[in-house]
Amino acid sequence: MKTETKSEEEKLMTYREYDLKTYLFPLWEGEVVYNETLWFAGSRSASLMYDPTEIVCVMSYDLTTTFQESVDYTVKGREIIIPENGKIPYLAPSEFYRASPINFFVKALRRGEGQDSAYLYADEGSTISAQQVAVTYRHKDRIAWNLPKVETAKFPKTMAKLNGGEKIKVLFYGDSITVGANSSGYIGYEPHAESYANMVKSYMQKRFPSATIDFKNNAVGGTDSNWGINKTSGNAWIDSLEASEGDHFKKRVLNENPDLLFIAYGMNDQKYDATEYKQNIKEMIEGVRAKNPDVEIMLVSGMIANPETYFDNKDYEAYQNALLELSKDYENIGVATVYNSVKSVYTKKRFVDCTANNINHPNDYMMRVYAQTVLYSLFGADYIDHI
């Protein structure tokens, strides 16, 4: 493909390692996409977000191996296609749709299928990431992103502390996605890209070097909003988490006394309808506000689980709408509409290209979608211009 001249912005970017600004550069802007991920699972072709005018580089997910066009892959429109004799990993349909799980502890039941293909290929750690590739390419076309809301005006105290170089306590509370699973940095795999919460932290530290940012991530993997507000969930495994340690919400939120609180639940709330979910988040808001009326809160909606699994059995949009309703009921509460951003991605890409466990955890690419949405919501559409 034709080689094009680099813009000044591109000269500051890199696709050969994890770089904060590169990974936070909005995927809905510019004419270069860096390290977009693909997984050739069940098919030898996979689609990019945009129509490429030039493929700059196709690398392994860990950014240590470079693949060669016409040898390891070919390009047809938005499709990257791999031949039988290439070096890019390929997972045949018979391996992807399975009679038994590849990991007994990570079972992904395939929804509505017979026993001959009852499971999907799923695992934690780097098993799936090691099979994915990262594509950097130029493009001219645009797609219709459902952009986040700019919620900056709802965080006056936060902005005053950051701009004034003051001390501020920032706290994240939620489930495993907010913990960081399965970002490469969290699992200790190259390129060691940060989780979305850590990218938000790093952004704030870089943009506001004079401020003293006391950052803490108190999210707990596997939990739901019932657990988060110290209710019984009805799931024995969830209810057993920290069961002997007292009130989770008091321990992990109230005792921390944050100035800025991110609440990010929803992925594990399949048993609850939007009304129940909304009530749990409402109780969290009112609980923390009763102790600290000045706390400002960003509610974070979530990604969509694998639609081929039983995990994807709830109306995630209804959860997001519940958060939007809550933001209208209380002052100084915003919503980072990650669900909208994820839906925008899925208009062009498959779930398998954006996941690191093939059930409900984002890979590095989707972690970027989370971080970009949160930062756009908190700091405005020009957030990337300030680091």
Side-chain angles (χ1 to χ4, degrees), residues 1-16 19 21-41 43-59 61 63 66-70 72-82 88 132-150 193 303-304 307 317 336-355 362-377 380-385:
M1 289 187 171
K2 180 182 177 182
T3 300
E4 300 180 6
T5 304
K6 279 190 175 183
S7 67
E8 290 303 312
E9 189 70 57
E10 290 176 62
K11 293 176 183 178
L12 301 175
M13 305 294 186
T14 178
Y15 55 83
R16 298 194 178 278
D19 172 74
K21 185 161 187 175
T22 301
Y23 276 56
L24 290 182
F25 193 88
L27 290 165
W28 49 84
E29 292 184 7
E31 296 183 348
V32 182
V33 176
Y34 294 85
N35 297 344
E36 179 181 325
T37 50
L38 300 174
W39 183 23
F40 297 91
S43 174
R44 289 192 174 275
S45 67
S47 293
L48 297 168
M49 281 283 292
Y50 299 94
D51 290 311
T53 57
E54 178 194 358
I55 300 295
V56 176
C57 193
V58 177
M59 305 183 77
Y61 186 94
L63 309 183
T66 301
F67 299 109
Q68 302 300 315
E69 188 170 3
S70 301
D72 299 311
Y73 68 90
T74 56
V75 184
K76 183 178 181 181
R78 291 194 300 114
E79 299 288 315
I80 302 293
I81 304 165
I82 59 172
I88 293 175
Q132 295 178 333
V133 299
V135 185
T136 298
Y137 62 99
R138 293 187 173 89
H139 66 94
K140 297 291 187 183
D141 61 323
R142 292 286 181 267
I143 64 173
W145 279 83
N146 191 341
L147 294 175
K149 297 173 61 181
V150 175
M303 67 178 282
I304 302 165
E317 185 174 11
T337 52
V338 172
Y339 168 82
N340 285 349
S341 299
V342 170
K343 285 285 287 185
S344 296
V345 171
Y346 289 163
T347 62
K348 296 291 184 178
K349 290 178 66 65
R350 305 170 302 169
F351 175 87
V352 296
D353 297 314
C354 308
T355 181
N363 63 6
D364 286 350
Y365 180 79
M366 191 60 85
M367 280 287 181
R368 292 162 64 186
V369 174
Y370 265 82
Q372 290 169 21
T373 303
V374 169
L375 291 171
Y376 186 111
S377 303
D382 65 343
Y383 72 88
I384 196 65
D385 298 332

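Values reported hereafter were calculated over all heavy atoms of this structure, with side chains retained and with hydrogens, waters and symmetry mates removed.
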Self-check item: Minimal non-hydrogen separation, Ser43 against Arg350, with atom names
Solution: CB-NH1, 4.3 Å
Quiz item: Can you tell me if Tyr383 uses its side chain to pair, donor with acceptor, with the backbone of Leu24 under 3.5 Å?
Solution: yes
Quiz item: Between atom CD of Glu36 and atom CZ of Arg368, what is the distance when rounded to the nearest 0.5 Å?
Solution: 8.5 Å
Self-check item: N/O donor-acceptor pair under 3.5 Å between Asn363 side chain and Met366 backbone
Solution: yes
Self-check item: Rounded distance (nearest 0.5 Å) linking atom NZ of Lys140 with atom CD of Glu31
Solution: 4.0 Å
Quiz item: Any side-chain heavy-atom pair from Val32 and Met13 closer than 4.5 angstrom?
Solution: no
Quiz item: Distance-only, no hydrogens or angles: does the Asp141 side chain make a donor-acceptor pair with backbone N or O of Asp51 under 3.5 Å?
Solution: yes
Quiz item: Would a distance-only check, ignoring hydrogens and angles, find a side-chain to backbone donor-acceptor pair under 3.5 Å from Ser47 to Lys349?
Solution: no
Quiz item: Is there a donor-acceptor pair under 3.5 Å between the side chain of Thr136 and the backbone N or O of Asn35?
Solution: yes
Quiz item: Would Trp145 and Asn340 count as a side-chain contact (heavy atoms from CB on, under 4.5 Å) if you check the C-alpha gap in whole Å, the side-chain angles of each, and the deciding distance to 0.1 Å?
Solution: CA-CA 8 Å; Trp145 279 83; Asn340 285 349; over 6 Å; no
Practice problem: Return yes when atom NZ of Lys343 has more than 12 non-hydrogen atoms of other residues, nucleotides or ligands closer than 6.0 Å, and no otherwise. | Solution: no
Quiz item: Can you check side-chain contact (heavy atoms from CB on, under 4.5 Å) on Tyr50 and Tyr137, steps first, answer last?
Solution: CA-CA 9 Å; Tyr50 299 94; Tyr137 62 99; 3.6 Å; yes
Quiz item: At their closest point, which heavy atom of Ala46 faces which heavy atom of Asp353, and how far apart are they?
Solution: CB-OD1, 4.1 Å
Quiz prompt | side-chain contact (heavy atoms from CB on, under 4.5 Å) assessment of Val58 paired with Asp72 | solution = CA-CA 9 Å; Val58 177; Asp72 299 311; over 6 Å; no
Quiz item: Is any side-chain heavy atom of Arg16 closer than 4.5 Å to a side-chain heavy atom of Leu63?
Solution: no
Practice problem: Could you walk me through whether Val345 and Tyr365 pass side-chain contact (heavy atoms from CB on, under 4.5 Å), step by step? | Solution: CA-CA 10 Å; Val345 171; Tyr365 180 79; 4.3 Å; yes
Quiz prompt | Donor-acceptor under 3.5 Å (Thr355 side chain, Val352 main chain) | solution = no
Exercise. Starting at CD1 of Ile81, measure out to CD1 of Ile88 and round the result to the nearest 0.5 Å.
Key: 11.5 Å
Quiz item: Quick one: does Glu317's side chain have a donor or acceptor within less than 3.5 Å of a partner on Tyr339's backbone?
Solution: no
Practice problem: Spell out, as yes or no, whether a donor-acceptor pair under 3.5 Å connects the side chain of Gln372 to the backbone of Ile384. | Solution: no
Exercise. State, to 0.1 Å, how close Pro362 and Met303 come at their nearest heavy-atom pair, and which atoms those are.
Key: CD-SD, 3.6 Å
Self-check item: Heavy-atom side-chain proximity of Met49 to Leu27 below 4.5 angstrom
Solution: no
Quiz item: Atom OH in Tyr73, atom CD in Gln68: separation rounded to 0.5 Å?
Solution: 7.5 Å
Quiz item: Can you tell me how far the CG atom of Leu38 sits from the CG atom of Leu48, to the nearest 0.5 Å?
Solution: 5.5 Å
Practice problem: For the pair Asp19 (side chain) and Thr22 (backbone), establish whether a donor and an acceptor sit closer than 3.5 Å, ignoring hydrogens and angles. | Solution: yes
Quiz item: Can you check whether Phe40 reaches Ile80 side chain to side chain, under 4.5 Å on heavy atoms?
Solution: yes
Exercise. Examine distances only and state if a side-chain atom of Tyr23 and a backbone atom of Asp364 form a donor-acceptor pair shorter than 3.5 Å.
Key: no
Exercise. Determine the minimum heavy-atom distance between Tyr346 and Cys354, stating which atoms define it.
Key: CE2-SG, 4.0 Å
Self-check item: For the student: nearest non-hydrogen atoms of Glu29 and Ala381, plus distance
Solution: OE2-O, 4.1 Å
Quiz item: Under 4.5 Å between any side-chain heavy atoms of Thr37 and Tyr61, yes or no?
Solution: yes
Quiz item: Looking only at heavy atoms, what is the nearest atom pair of Phe67 and Met59, with distance?
Solution: CE1-C, 3.7 Å
Quiz item: What pairs with Arg78 under salt bridge (charged side-chain N to carboxylate O under 4.0 Å, His left out), at least two apart in sequence or on another chain?
Solution: none
